Asks: 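This is the structure I want to talk about, given as structure tokens.
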Amino acid sequence: MEIVIVSQEEVHRLLPMARCIDVMETALRTLARGDAVQPLRSAMWLPDDSGLLGLMPAYLGGDVAAMGVKAISVMMADHGDGDSHQGTVTLFDREDGRPLAIVDARAITAIRTAATSAVATRLLAREEANDLAILGSGVQARSHLEAMLAVRLLGRIRVWSRTPAHAQAYGEWAAAEHGVTVEVTPSAEDAVTGASIICTVTAAPKPILKGAWLSPGAHINAVGSSVRFTRELDTGAVAGSRLFVDRRESTLNEAGDFLFPQEEGVIDENHIQAEIGDVLLGHTPGRETDEEITLFKSLGLGVEDVAAAHFVYRQAIRQGLGATVEL
């Protein structure tokens with residue numbers, strides 16, 4: 001039995017951001033139509049709570065017709081490369097169950113997460129939104145800058161990091177990679193004041209974005225927290241926004257950004273306006289006024305990983321890339 005192994009470098013070559021945005025739109029539409037299976041993720045924590053191993057299985061029907069599972073480790077300590085996520089996405093044949101491919105999950109996660117935020121930004125941010133604030137300076141901060149540049153013409157970009165040297169390095173990378181100027185700010189408040197698009201991509205366990213700082217008409221992509229016991233946004237930021245999610249069931253079980261305000265009695269399940277897939281299908285309106293604040297809470301879904309990995313696999317076959325080995 002032969003299987004294709006696709007490296008991290010090859011994923012970046014085969015999955016450009018613009019194409020991944022389209023792939024994510026298709027995956028989210030398919031999920032919203034009910035032609036997908038998306039269980040809640042499972043996680044095994046290490047005994048000392050230093051990290052976890054997560055499993056994210058999914059099936060997508062439609063034109064994709066793919067099934068697979070992402071196995072991902074998330075380690076709490078900083079190991080120097082700026083990315084706490086390591087793992088693989090394994091694809092299986094829809095008909096006979098054969099394993100088809102093993103794809104690097106680090107690159108898949110970085111690209112598809114930002115691409116999903118781009119889908120939400122295209123739907124929810126004001127058309128003229130051009131002032132971007134990024135809170136965080138790691139892997140997702142880099143991929144989110146590329147994604148935001150793909151869907152909005154940005155006039156101003158600001159970044160904040162808890163480690164100023166990291167923010168400075170981020171600004172230098174942005175200038176070299178994308179030819180844009182990024183202002184490094186001394187505080188998160190300085191970064192988001194007046195911003196029309198805000199991406200929170202940190203590993204912060206407690207809020208780093210406050211509702212009191214938000215300007216009318218802002219759009220937020222809240223990405224960094226993916227567990228129920230951490231959050232990046234304070235209660236005011238969530239309660240004062242129209243909330244859209246990638247998956248309602250996942251949000252109700254896993255999203256600290258939603259669950260903390262709910263436990264405080266400030267919001268309930270009705271605060272969730274819709275899943276992004278429902279907005280794509282036209283079942284629910286997205287932004288309704290220029291003054292409202294919109295919030296996309298991203299947890300990351302197995303269907304996104306499977307869709308991205310399946311696209312990469314097909315491209316690898318067509319272009320003769322990847323290593324084919326006998327299993």
Side-chain angles (χ1 to χ4, degrees), residues 1-17 19-24 26-28 30-31 35-47 50-75 79 81-116 139-140 143 226 246-247 250 299-327:
M1 183 190 317
E2 291 186 341
I3 189 168
V4 177
I5 300 176
V6 187
S7 70
Q8 179 181 137
E9 179 183 355
E10 289 169 323
V11 171
H12 282 288
R13 289 174 58 187
L14 296 169
L15 189 64
M17 183 61 70
R19 294 298 302 274
C20 192
I21 293 171
D22 293 338
V23 171
M24 292 303 99
T26 299
L28 293 167
T30 303
L31 179 63
D35 194 9
V37 180
Q38 178 57 72
L40 292 172
R41 76 186 89 196
S42 62
M44 178 194 74
W45 282 89
L46 297 179
S50 62
L52 63 86
L53 183 64
L55 294 177
M56 298 171 64
Y59 163 78
L60 270 170
D63 295 334
V64 180
M67 64 179 183
V69 59
K70 180 166 80 172
I72 192 88
S73 65
V74 183
M75 309 307 289
H79 295 283
D81 61 0
D83 194 350
S84 59
H85 293 62
Q86 311 281 344
T88 59
V89 181
T90 304
L91 296 175
F92 298 85
D93 187 88
R94 168 67 176 82
E95 300 300 326
D96 61 19
R98 289 180 299 113
L100 298 174
I102 297 174
V103 183
D104 174 73
R106 177 174 171 176
I108 290 287
T109 303
I111 300 167
R112 65 84 164 150
T113 304
T116 304
V139 169
Q140 282 298 336
S143 60
S226 59
D246 47 11
R247 184 68 163 164
S250 299
L299 283 166
L301 302 174
V303 291
E304 298 166 5
D305 296 307
V306 169
H310 189 258
F311 178 86
V312 167
Y313 166 66
R314 289 185 299 176
Q315 293 298 312
I317 295 298
R318 289 170 184 164
Q319 299 182 33
L321 296 176
T324 301
V325 300
E326 190 70 25
L327 189 62

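These numbers come from a predicted model, not from an experiment.
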Asks: If you look at every heavy atom in G97 and M67, which pair is closest and at what distance?
Replies: CA-CE, 4.1 Å
Asks: Between L28 and T116, is there a side-chain heavy-atom distance shorter than 4.5 Å?
Replies: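 They are in side-chain contact.
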Asks: For R41, which of L299, I72, L55 qualifies under side chain to side chain contact (heavy atoms under 4.5 Å, CB included)?
Replies: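 In the set L299, I72, L55, the residue that makes a side chain to side chain contact (heavy atoms under 4.5 Å, CB included) with R41 is L299.
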Asks: Tell me, yes or no, whether the heavy-atom count around E9 atom CD, taken from other residues, nucleotides or ligands under 6.0 Å, exceeds 12.
Replies: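 It does not: E9 CD has 12 such atoms or fewer within range.
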Asks: Output yes when a side-chain donor or acceptor of Q319 lies under 3.5 Å from a complementary backbone atom of A316, and no otherwise.
Replies: no
Asks: So how far is it from T26 OG1 to I21 CD1, rounded to the nearest 0.5 Å?
Replies: 12.0 Å
Asks: Side chains of L60 and D35: does their closest heavy-atom pair fall under 4.5 Å?
Replies: no
Asks: Looking at every non-hydrogen atom in both residues, tell me the closest pair between L327 and P99 and how far apart they are.
Replies: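 Shortest heavy-atom contact: CD2-CG, 3.7 Å.
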Asks: Using atom types as modelled and distance alone, determine if a side-chain donor or acceptor of E326 lies under 3.5 Å from a backbone N or O of M1.
Replies: yes
Asks: V306 and side chain to side chain contact (heavy atoms under 4.5 Å, CB included): which single residue from V69, V103, L301, L91 fits?
Replies: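 Output: one option passes, namely L91.
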Asks: Distance from H310 atom NE2 to Q315 atom CD, nearest 0.5 Å?
Replies: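 Between H310 NE2 and Q315 CD, I get 11.0 Å after rounding to 0.5 Å.
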Asks: How far apart are the C-alpha atoms of V4 and Y313, what are their side-chain angles, what is the distance that settles it, and do they pass the side-chain contact (heavy atoms from CB on, under 4.5 Å) test?
Replies: CA-CA 8 Å; V4 177; Y313 166 66; 4.1 Å; yes
Asks: Looking at every heavy atom in both A43 and L52, which two are closest together, and how far apart are they?
Replies: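 Shortest heavy-atom contact: CB-CD1, 4.3 Å.
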Asks: Work out which heavy atom in V89 is nearest to a heavy atom in A309; give both atom names and the distance.
Replies: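 Nearest pair, atom of V89 first, then A309: CG1-CB, 3.6 Å.
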Asks: With a 4.5 Å limit on heavy-atom distance, are the side chains of R19 and F311 in contact?
Replies: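 R19 reaches F311 side chain to side chain.
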Asks: Which heavy atom of A58 sits nearest a heavy atom of G302, and at what distance?
Replies: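 In terms of heavy atoms, the two residues are closest at CB-C, 3.4 Å.
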Asks: Evaluate the side-chain proximity of T30 to V303: yes if any heavy-atom separation is below 4.5 Å, no if none is.
Replies: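 Sidechains of T30 and V303: no contact.
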Asks: Say you draw a straight line from OG of S73 to CG of L46; how long is it, rounded to the nearest 0.5 Å?
Replies: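 Output value for this atom pair is 9.0 Å.
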Asks: To the nearest 0.5 Å, how far apart are OG1 in T88 and CZ in R106?
Replies: 14.0 Å
Asks: Which residue, R247, K70, R112, forms the salt bridge (Lys or Arg N to Asp or Glu O under 4.0 Å) with E304?
Replies: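 Of the listed options, the one satisfying the test is R112.
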Asks: Quick check on side chain to side chain contact (heavy atoms under 4.5 Å, CB included): which of L321, I108, I111 does V312 satisfy it with?
Replies: I108
Asks: Indicate yes or no for a side-chain donor-acceptor contact from S143 to the backbone of A110 under 3.5 Å, with no hydrogens or angles considered.
Replies: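 At least one qualifying donor-acceptor pair exists.
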Asks: Measure the CD-CG distance between Q38 and L31 for me, rounded to the nearest 0.5 Å.
Replies: 6.5 Å
Asks: Between T109 and Q140, what is the shortest heavy-atom contact and its length?
Replies: O-NE2, 3.3 Å
Asks: Apply side-chain contact (heavy atoms from CB on, under 4.5 Å) to D104 and V6, showing your working.
Replies: CA-CA 6 Å; D104 174 73; V6 187; over 6 Å; no
Asks: Mind checking the OG1-CG spacing from T90 to L100? Nearest 0.5 Å is all I need.
Replies: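 Separation between the atoms: 10.5 Å.
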Asks: Look only at the side chain of S250 and the backbone of D246, and say whether a donor-acceptor pair between them is shorter than 3.5 Å.
Replies: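 No, because the side chain of S250 does not come within donor-acceptor range (under 3.5 Å) of the backbone of D246.
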